[in-house]
Amino acid sequence: MQQHDKLVMMANQIAKAFAPQGEARAVPQIAQHIKDFWDPRMRRGIFEHLDSGGAGLDPLALAALRKLHPTPQATAHQA
Amino acid sequence: MTLVNEIDYGTPASKSEKMVTLTIDGVEVTVPEGTSIMRAAMEVGTKIPKLCATDSVEAFGSCRLCLVEIEGRAGTPASCTTPAMNGLVVHTQNSRLKQLRRGVMELYISDHPLDCLTCAANGDCELQDMAGAVGLRDVRYGYDGANHVFAKAKDGTANDAWMPKDTSNPYFTYDPSKCIVCNRCVRACEEVQGTFALTIAGRGFESRVAAGMSENFLDSECVSCGACVQACPTATLSEKSLIDIGQPEHSVVTTCAYCGVGCSFKAEMRGEEVVRMVPYKDGKANRGHSCVKGRFAWGYATHKERITKPMVRDKITDPWRETTWEEAIGRVASEFKRIQFQYGRDAVGGITSSRCTNEETFLIQKLIRAGFGVNNVDTCARVCHSPTGYGLKTAFGTSAGTQDFDSVEDSDVMMVIGANPTDGHPVFASRMKKRLREGAKLIVVDPRRIDLVRSAHIEAAHHLPLLPGTNVAVLTAMAHVIVTEGLVNEKFVRERCEMDEFQEWAAFVAEERHSPEATAKFTGVDPAELRAAARLYATGGNAAIYYGLGVTEHSQGSTTVMAIANLAMVTGNLGRRGVGVNPLRGQNNVQGACDMGSFPHELSGYRHISDDTTRTMFEEFWGAKLNPEPGLRIPNMLDAAVEGTFKAIYIQGEDILQSDPNTSHVSAGLAAMECVVVQDLFLNETANYAHVFLPGSTFLEKDGTFTNAERRIQLVRKVMTPRNGGYADWEITQLIAKAVGLDWNYTHPSQVMDEIAALTPTFKNVSFKKIEEMGSVQWPCNDANPEGSPIMHATTFARGKGKFVLTEYVPTDERTGPRFPLLLTTGRTLSQYNVGAQTRRTENVVWHEEDRLEIHPHDAEQRGIKEGDWVRIQSRAGETALRALITDRVAPGVVYTTFHHPMTQANVITTEFSDWATNCPEYKVTAVQVGLSNGPTQYQEDYEAFAQASRRIAAVEAAE
Ligand code: SF4
Ligand code: SF4
Ligand code: SF4
Ligand code: FES
């Protein structure tokens, strides 16, 4: 499995676990979970994927990742 | 040094709180009501002669040696069966009693061989002791009459009463000629072990102990726990090691290094040789009981395949080269430095094991965090109980089971979910079975009909054989029943839990789609049974949940743990004896490994690495800057290795190649690394990919502590010099630390524990001295709980109010379909342990020579598979072959195997799907196809050849 595909799958799994609480409460918890448990290179990996369109990401996961990574252009250039 | 002596009080202690006072031989003694006169006498040091009584089993009253006189009563009652009562005046010795006792002993001895000098029990035989105690000087009957002693009578005719020795069990022998038919073994097997393998066959003079239906021990139901051997007062049942070596001269109390029960043992020694391991009565986890692994399977410690010299090689295709500790340690330090310089600081990491002591684990994470400046440290608990950590922390605020084992004595209902205690946690299972025989009710939630569902004198009230992967749906359906049928413990919920969250949760589970009827379609569980089980759990009195890896090793493992916590909270089954939520830990120190901060995101005591206060405290103590970002978990390390950003790993006591899922991915990850360091006892499977091998030490060779499943911290004590040249594992870690420039100067693990206590609030008052004084201590142990905490969350939860979490069932991505129509689930067996590296190197192989694939007769027939046929198992990840075992223990559609043998390669088929919160792999569900094959797969054969090649050790060159 490609590294990005795997990260997408993991992010979507996390999103599904918090989904029953409704978007407003789920999104910050999904973001926090990723921040607490993913090492920086995994986060970098998913942000790259996000910057290139974020295909396959669950809408809640997408919203959470956007929260963690609000200015895609800026970091994309740094990397 | 001397033998640790334990007092035999003759009969079990009474639990009564009412006291009675009596006089024995002029001495006044006060004991709890229900205590026998024999025990009361022993309390004041008066040893009444006895043979058929011992305090591990109920009194039987058959030998008539323990007679006493009681003033005002006729006759000479047996003191073991006569209860102490207020005002009794008892005499234990006078001429009448002497006479009677001598007569009894004379009869016994007339039918007992007189080979005392050459008998294995010489010096430790109760029959011998009693002959001495009653002053037996001669035997009037002679030895020529009917007897069990001689194979032939004087005239050469065969003696039909004589039976040959049974040596079929690999660890102990049964010599019927020495049996005094005291029945202690039979009672031990029933009462202590709960297996009912032994009976007394025949009557009167004919009677003799028999295993099963007069089979030999090995073929009977005997599970080789050793309880009968220990109870036997004579040499009739004796350890083979004792027969072989002789009586021990000193003993040391230590802790079993196999499973999470954490049994306490006396290692009985002659010099540095172990004579036998005997379960320790004062051990609070096991109360004097044991299983075949801890009691007998320690032979691996001296196995010839143990590696005792450090080894290095440049490429994994090279043979190993033995070397000095200096070179091996130097190599590790220089390679890790080079790799960090070349690929970045984050390119290295380490893995600790649940087999390591707390101190070893703590030091490894300290080395990785403080020495290498990264948080890439993980433990094998990742692959078993990490969801317990996440789930219980979320619900209750702390990552541990809520009860001590003794709590089970007060349970009225036990719900066992995804665990197989009789195989995985045998000593605790014996305690469960004891309580079940006393009338407690049992609910089993497991795809497979585990032994507990139906065994001697036990029958589960409900067995819910769910399809693997549907735990969350089943538990949420139970919550549905409890909420919609009005069985909520409102008082508890109102006082102890977050109300808003509860109300939201109650509305959620009450939805019709969570009902047993609606979920039955995909769980396969009969809705009526599920309803009845939920009612029993909610209303049957004290209800306790015990769960195992069948809960955690799923893509929804963490959710399942939270669903369990929800059930306990909604029914108020928390905070007192008899109830609670109890993870049954696999390996011995899973709890400890988690507590010690070996997860990449947290420091000891479950505190997140990003928490500035905690991190600063560690930084100041360690004098090193720590990285505030979470590190990689084991599966993430392997992903990163394949991707090229992770290059070096230090693995202590863990065999990830055999134990972790999707073997081809693990081997690709290991192969992509430039420096793999393995510290272990044997060249394990992971070592096939290693560049440096550091020989480890066994639990018999070091000091330290283990923490069992009930949070009990116990001492491991060194009884022999490490075979690797004298280094305990923690010392090896210290050598590496020094080589990379850390100023570590520990001279004993107790100093490491002092550091843990200083840095971890829940361990604040823990020290080796404290453990030594108390025997063991359960954390939290701090100023609020100076003597430790047998039961947690008694008045409030660690987090304050209990948290209900919405548990939506999300089917795993690992689904069956036309190509892979069956679900494979995995487990373990009693005699083998984990990847089997130790137990496969003991006589335990007689019980489990190979892993087999269990398949339902219906599925087998469809595929033309017969018992014992080789079958191929294919999944999306790979394929392997095993021999089939046809059984209806598994439901149609489900197949099952164990993973104790490397040749099995069960993890070639398991996939990389994992728990959403913790990445704990989903071992318990793999969609597979099964078909006939004619033997091992090409892969298995290739692997075998590769492993052989990789284990070559170059012949030592002549000195230059
Ligand atoms: S070893 Fe254990 S199971 Fe076997 S007969 Fe003895 S007590 Fe029973
Ligand atoms: S085998 Fe030992 S314990 Fe069992 S009846 Fe005989 S003497 Fe007693
Ligand atoms: S393996 Fe477990 S149950 Fe068996 S003796 Fe060791 S700690 Fe006790
Ligand atoms: S010890 Fe009391 S009758 Fe045997």
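Proteins get letters first, then strands, A, B, ... in listed order; numbering begins at 1 in each.
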Would you check if there is a donor-acceptor pair between the side chains of B/Asp639 and B/His665 at a distance under 3.5 Å?
-> yes
Under a 4.5 Å heavy-atom cut-off, does chain A meet the side chain of B/Phe646, its backbone, both or neither?
-> both
B/Asn376 versus chain A, heavy atoms under 4.5 Å apart: side chain, backbone, both or neither?
-> side chain
For A/Asp39 and B/Asn636, does a side-chain donor sit closer than 3.5 Å to a side-chain acceptor?
-> no
Top contributor to chain A interface from B/Glu602, B/Glu808, B/Glu629, B/Gln556 [non-hydrogen pairs under 4.5 Å] = B/Glu629
Would a distance-only check, ignoring hydrogens and angles, find a side-chain to backbone donor-acceptor pair under 3.5 Å from B/Asp915 to B/Pro387?
-> no
Heavy-atom distances under 4.5 Å only: say whether B/Thr807 touches chain A with side chain, backbone, both or neither.
-> neither
Hey, which of A/Gln21, A/Arg41, A/His33 has the most heavy atom pairs under 4.5 Å with chain B?
-> A/Arg41
So do the side chains of B/Thr645 and B/Tyr343 get within less than 4.5 Å of each other, counting heavy atoms only?
-> no
Flag side-chain contact, heavy atom, 4.5 Å: B/Glu504 against B/Phe804 = no
Checking heavy atoms, do the side chain of B/Phe508, its backbone, both or neither come under 4.5 Å from chain A?
-> side chain
